[in-house]
Amino acid sequence: MIPDIFQYSFIIRGMEAGMIVAFIAPLIGIFLVLRRYSLIADTLSHVSLAGIAIGLFLGINPVLTALATTVLASLGIERLRDSKKIYGESALALFLSGSLALAIVLLSLAHGFNTNLFNYLFGSIITVTEQDVYVIAFLAVIVVTLLLAFYKELVYVTFDEEAAQVSGIRTRLVNIILIVLAALTVSLAIPIVGVLLIAALIVIPVVTALQLRKSFIQTVVSAEIISFFSVLSGIIVSFYLNLSTGGTIVLIMLAIFVLVLMVKSRWFT
Amino acid sequence: METENGTTLKTPARAIGVRVDHSKNIIEVQDVFFSYDGKTNVLKNITFTVHPGDYVGLIGPNGAGKTTLLKSMLGLLSPTRGEIRLFGQKISEFKDWYKVGYVPQKATYFDAGFPATVEEVVLMGRYAKRGLFARTTVEDRKLVKESLKQVDMWEYKKRLIGDLSGGQQQRVFIARAIVSQPEVIFLDEPTAGIDRQAQNDFYVLLRKLNRELGLTLVLISHDIERVTNEVMHIAWIDRTLESYSSPEEYLRMRKKEQIVI
């Protein structure tokens, strides 16, 4: 018979962590996508891999070291972009490949190409420890608090940076807040989908919701619904079919995206 | 604040130039130079003053530095030399930004796919007045309604900004500028890419804001014929300030010197 999914404590832990990630990712994603910053999520996720490597190397909780590395890197990226010494995308490319190189070197030093690393790369709710859940919940509280504080400013700066600046909003501070929030979100999503798929979690529900052409608030709510549905159904489906959780979640998100596109083109042509 | 389009609007705006309060200064531009690369000056030695109630048209050829000057007056760019004051304060120390409205050049910055309704866009104009964590209030929503009625866009409040015509979008951006109850509005080529009828309506709206609400307006435009009919002063910029005069005087000079812009 089908085993009862809720009798396993690791599933409960995974779902707790997954719900938090599902809630946070679109909230940051909406600003990143609309500002054409989608690649920042990808870059920061690669940076987080370097952080994980440092954690595995030193024997500290890798989520914590990933957090520290991504936040530092996000500040570095923003500073480099702001200085206009190099193009924005070039700054991203530097950090992306640089941190990947650092991760590989550290891991080879630690002889660490083991299953543990595989879980961090692709995510597995089995690896979610109780400590991870606490760390994720704590990060989520910080993210939500910062979002509540700067929500209006983020919306205005995203829509029209110049007009926002003229109205008296400190756009530079808001830009830094946004990239730090992206770093925090990437770190807290690692255990669920793994570093290679985080960007998908942040970007796809928002891109899907944008296809619906609704108001800002309705777009955020739609992205949230897509995100929750994908994460929860992804965890359940991957449990019963014995699939990779992260991969299943992202494939479900993509399926919804394609479905929305298809329904839209049928309605509007 | 609500007013109707009265017949008085047919009088040219400058005919009531007496309303300009010369005892106070809204903008003081003093010997301003600007350079992007430290070598060539995009702006040279520019000096003029805008008083409350004024309606100033900035005109000049492409690349003359009009937008650079406008952005310097908004604090978005810092002059390499000289000083700009807003409401008597140095621009670097100026804090009362709610007194300043801004309608940017439409084509360069606007993302038609942005998921925001007309109402949400105008509400942004109230954001800076509310501090961190604060939510928008009933008063904010009331002002949004008033502003949208001023520009005849209230019935479009639930529409997405990207679904409107260029002329309608510009009216919404005017509403966003006036919702913070500013004393001066800067507009960077607001009628570029808008059809003739919408342009006419737009200038009628600007006239209303200037004459009935007493708003000071500073406008960049390429449509010299139209602007000389609307404004009280023409600042003719070609890297330096070629002249700052009434539209009549500007037209006389232009005729005399056979200036082609």
Side-chain angles (χ1 to χ4, degrees), chain A residues 26-27 29-38 84 144-174 177 181 205-224 226 260 264 268, chain B residues 67 70-71 73-77 86 91 94-106 108-136 140 157-163 173 176-177 179-180 182 184-186 188:
Chain A
L27 294 180
I30 185 99
F31 297 110
L32 294 181
V33 169
L34 288 172
R35 299 207 68 184
R36 311 284 187 275
Y37 278 8
S38 299
K84 302 208 166 72
V144 170
T145 310
L146 279 171
L147 266 180
L148 282 175
F150 287 93
Y151 175 77
K152 299 188 303 299
E153 288 76 8
L154 279 165
V155 172
Y156 202 172
V157 170
T158 304
F159 183 65
D160 186 346
E161 188 161 356
E162 273 193 351
Q165 196 179 341
V166 170
S167 80
I169 289 171
R170 293 164 66 194
T171 51
R172 217 158 145 197
L173 175 69
V174 173
I177 297 278
L181 283 173
V206 171
V207 174
T208 310
L210 283 173
Q211 304 308 314
L212 303 172
R213 311 266 312 135
K214 299 277 187 200
S215 74
F216 194 84
I217 287 292
Q218 287 169 328
T219 305
V220 173
V221 172
S222 312
E224 284 291 339
I226 296 164
V260 167
K264 256 193 74 178
F268 295 105
Chain B
T67 297
L70 195 85
K71 287 189 175 176
M73 290 191 279
L74 289 164
L76 294 169
L77 296 171
L86 289 178
I91 203 158
F94 185 69
K95 291 274 184 292
D96 303 331
W97 284 105
Y98 66 88
K99 289 184 180 171
V100 178
Y102 175 39
V103 180
Q105 212 166 343
K106 188 182 146 284
T108 53
Y109 80 104
F110 180 57
D111 170 11
F114 199 96
T117 61
V118 165
E119 213 176 3
E120 284 175 323
V121 169
V122 179
L123 196 57
M124 290 178 199
R126 301 291 308 165
Y127 283 176
K129 271 203 172 171
R130 303 277 165 243
L132 296 183
F133 285 106
R135 297 183 57 184
T136 47
D140 292 328
K157 63 181 184 228
K158 293 289 177 208
R159 295 275 292 277
L160 285 188
I161 184 78
D163 290 347
F173 292 127
R176 186 185 68 183
V179 78
S180 72
V184 57
I185 299 183
F186 293 85
D188 191 352

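Here is how names work: the chains are called A, B, and so on, in the same order as the sequence lines, proteins then strands, and each is numbered from 1.
- Interface residue Ile161(B): only side-chain heavy atoms are found under 4.5 Å from chain A.
- Interface remark: Arg126(B) contributes no atoms to any contact with chain A (heavy atom separation under 4.5 Å).
- Rounded to the nearest 0.5 angstrom, Phe159(A) CZ and Tyr127(B) OH are separated by 11.0 Å.
- The OG1 atom of Thr145(A) sits 11.5 Å away from the CZ atom of Phe150(A) when rounded to the nearest 0.5 Å.
- Taking CD from Glu120(B) and NZ from Lys158(B), the interatomic distance works out to 8.0 Å, rounded to the nearest 0.5 Å.
- When heavy atoms are compared at a cutoff of 4.5 Å, Leu160(B) approaches chain A solely by way of its side chain, counted from C-beta outward.
- Looking at Leu148(A), both its backbone and its side chain come within 4.5 Å of chain B, counting heavy atoms on both sides.
- Residue Leu154(A) holds its CG atom at 11.5 Å from CG of Leu34(A), rounded to the nearest 0.5 Å.
- Heavy-atom pairs under 4.5 Å with chain A peak, among Tyr102(B), Phe186(B), Phe114(B), Trp97(B), at Phe114(B).
- Heavy-atom distances place the side chain of Arg36(A), and not its backbone, under 4.5 Å from chain B.
- Within the 4.5 Å cutoff, the side chain of Ser38(A) has no heavy atoms near those of the Leu32(A) side chain.
- Of the candidates Arg130(B), Lys129(B), Arg135(B), Arg130(B) is the only one forming a salt bridge (Lys or Arg N to Asp or Glu O under 4.0 Å) with Asp140(B).
- The choice from Lys214(A), Arg213(A), Gln165(A), Gln218(A) that makes the most heavy-atom pairs within less than 4.5 Å of chain B is Arg213(A).
- Only the side chain of Lys71(B) comes within less than 4.5 Å of a heavy atom of chain A; its backbone N, CA, C and O stay farther away.
- Of the two parts of Leu147(A), neither the backbone nor the side chain holds a non-hydrogen atom closer than 4.5 Å to a non-hydrogen atom of chain B.
- One distance of note links OG1 of Thr219(A) with CD of Gln211(A); it measures 10.5 Å at 0.5 Å rounding.
- Heavy-atom pairs under 4.5 Å with chain A were tallied for Lys99(B), Lys95(B), Met124(B); the largest tally goes to Met124(B).
- Of the listed residues (Leu132(B), Val100(B), Leu123(B)), the one with the most heavy-atom contacts under 4.5 Å to chain A is Leu132(B).
- With a 4.5 angstrom heavy-atom cutoff, Thr171(A) does not touch chain B via any of its atoms.
- Both the backbone and the side chain of Ser167(A) come within less than 4.5 Å of a heavy atom in chain B.
- One finds the CD1 atom of Ile30(A) at 9.0 Å from the OG atom of Ser222(A) (value rounded to the nearest 0.5 Å).
- Other residues, nucleotides and ligands contribute at most 12 non-hydrogen atoms within 6.0 Å of the CZ atom of Arg170(A).
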